[in-house]
Amino acid sequence: MPELPEVETVRRTLEYALSGEKIDDVILHYAKIVHEDPQYFIETLKGQTLHGIERAGKYLLFILDRHVLIVHLRMEGKFYIKSQEPLEKHEHVTIRFQSGRELRYHDVRKFGTMDLRTLENYLSSEPVSNLGPEPKDLDPHVFHQICQKKSIEIKPLLLDQTIISGLGNIYVDETLFRSHVHPTRIAHTITKDEAISLIASATYVLNKATSLGGTTIRSYTSSLGVSGKFQNELMVHMRKGSPCPVCGQAIIKMKVKGRGTYVCEHCQH
DNA sequence: ACCACCTCCTGATCGC
DNA sequence: TGCGATCAGGAGGTGG
């Protein structure tokens with residue numbers, strides 16, 4: 001499931017590979033990925049040149065002449081660069097460039113999304129406008145003040161992209177573990193020191209994972225840009241029954257607001 | 001305004 | 001062994 005580090009890894013790879021390419025045609029094999037009217041989407045993209053790729057939280061932002069293509073990979077979305085090979089199962093969008101190369105969007109669960117915005121308004125309109133700051137840009141004291149007003153558990157708060165962006169289910173478990181905070185703690189019980197620690201842990205975990213190219217949990221055949229090494233660094237996530245790397249007690253798996261959650265009951269309070 | 005719950009989708013895994 | 005049921009989950013929508 002791509003979170004900030006995986007999306008950033010994809011961003012870097014695609015930007016390096018595709019900057020300067022001009023879009024020749026767009027084919028929607030499964031139109032529901034795209035929120036716009038299909039014909040509008042296709043005709044708007046045709047003829048525009050890709051100048052670069054930015055990222056906001058877990059969104060990829062393809063910067064074109066006049067528009068920005070906003071992509072969210074959700075759980076299993078990935079991109080491949082191909083040259084007119086036969087369409088494979090689960091490939092839902094093809095963007096063909098004048099060079100003959102094609103950017104293929106592949107998504108088994110069809111959960112990913114694509115939106116078009118203009119260069120003028122993409123930052124001030126949804127979905128980007130709804131995003132809170134990334135952990136590295138969030139003042140810990142401001143974060144603590146937000147926590148004090150909330151009666152929800154700390155894990156779902158950290159997953160709320162309007163409050164803090166970039167964390168998903170994997171990195172939130174790792175962040176909580178590093179800060180010794182139990183995922184079911186009610187947000188307003190988080191102390192100032194804990195809030196400071198959580199922001200530091202989230203920043204560290206995302207930076208470290210990004211430097212390792214993200215986390216590859218399911219072994220897919222190499223997805224473009226996403227064959228990271230952070231899975232070797234995971235302390236709790238996906239480690240049910242394994243000894244806690246700090247105290248040795250077995251990691252347990254529980255549900256928190258419907259999300260599979262890994263925790264060391266001895267280290268996290 | 002806030003929060004719990006539903007929806008989307010398919011392949012993997014579970015239970016009998 | 002087979003097959004239906006359940007699970008996984010990010011974010012937007014709905015309804016209390």
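Reminder, nothing fancy here: chain letters follow the sequence lines and each chain counts from 1.
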Evaluate the side chain to side chain donor-acceptor pair (under 3.5 Å) criterion for residues A/His29 and A/Thr94: first the C-alpha distance (whole Å), next the side-chain angles of each, then the deciding distance (0.1 Å), finally the verdict.
CA-CA 8 Å; A/His29 313 286; A/Thr94 296; 2.7 Å; yes

Could I get the full list of ring pair (Phe, Tyr, Trp, His ring centres under 6.0 Å) partners for A/Tyr30, not counting sequence neighbours?
A/His92

Could you check whether A/Asn169 gets within reach of a base, just the sugar-phosphate, or nothing at all, counting any heavy atom under 4.0 Å?
sugar-phosphate

Tell me the closest heavy-atom pair linking A/Val128 and A/Ala56, and the distance in Å.
CG1-CB, 4.1 Å

Check DNA chain B against residues 112-151 of chain A and give the residues with a non-hydrogen atom under 4.0 Å, in numerical order.
A/Ser151

Distance below 4.0 Å between A/Lys253 side-chain N/O and C/dA8 OP1 or OP2
yes

Please give, in whole Å, the distance from C/dA8 P to A/Lys257 NZ?
16 Å

Under the ring pair (Phe, Tyr, Trp, His ring centres under 6.0 Å) rule, collect the residues that match up with A/Tyr59, sequence neighbours excluded.
A/His72

Verify the contact: side-chain N or O of A/His92 to OP1 or OP2 of B/dC9, cut-off strictly under 4.0 Å; return yes or no.
no

For the base of C/dA11, is there a side-chain donor-acceptor partner from A/Arg74 under 3.5 Å away?
no

A/Asp160 has an atom CG; how far is it from atom P of B/dC3, in whole Å?
10 Å

Heavy atoms within less than 4.0 Å of DNA chain B: which residues of residues 30-41 of chain A have one? Give them sorted by number.
A/Tyr30, A/Lys32

Taking A/Arg117 as the fixed residue, which of A/Ser125, A/Ser129, A/Ser124 is the one that meets the side-chain hydrogen bond (donor to acceptor under 3.5 Å, both in side chains) rule?
A/Ser125

Tell me if the NE2 atom of A/His35 is crowded by more than 12 foreign heavy atoms within 6.0 Å.
yes

Have a look at the helix from B/dC2-C/dG16 to B/dC16-C/dG2 and give the angle its two end axes make, five pairs each, rounded to 10 degrees.
60°

Taking 4.0 Å as the cut-off, does a side-chain nitrogen or oxygen of A/His72 come that near to OP1 or OP2 on C/dG10?
no

A/Asp107 CG to C/dG9 P, in whole Å, measures 16 Å

Under 4.0 angstrom between A/Arg109 side-chain N/O and C/dG10 OP1 or OP2
no

Atom CG of A/Leu60 and atom CZ of A/Phe79: how far apart are they, to the nearest 0.5 Å?
6.5 Å

Would you say A/Lys89 reaches B/dG11's phosphate, i.e. side-chain N/O to OP1/OP2 under 4.0 Å?
yes

Listed by chain and number, what are the ring pair (Phe, Tyr, Trp, His ring centres under 6.0 Å) partners of A/His106, not counting sequence neighbours?
A/Tyr80, A/His90

Looking only at heavy atoms, what is the nearest atom pair of A/Gly52 and A/Ser19, with distance?
CA-OG, 4.0 Å

Integer-rounded Å distance: C/dC7 C1' and A/Met254 CE:
18 Å

Option passing side-chain hydrogen bond (donor to acceptor under 3.5 Å, both in side chains) with A/Asn169 (candidates A/Lys155, A/Arg259, A/His237, A/Glu3):
A/Lys155

Check A/Lys82, A/Lys78, A/Arg104 against A/Glu88 for a salt bridge (Lys or Arg N to Asp or Glu O under 4.0 Å) and give me the one that passes.
A/Lys82

C/dA11 phosphate, OP1 or OP2, under 4.0 Å from A/Lys58 side-chain N/O:
yes

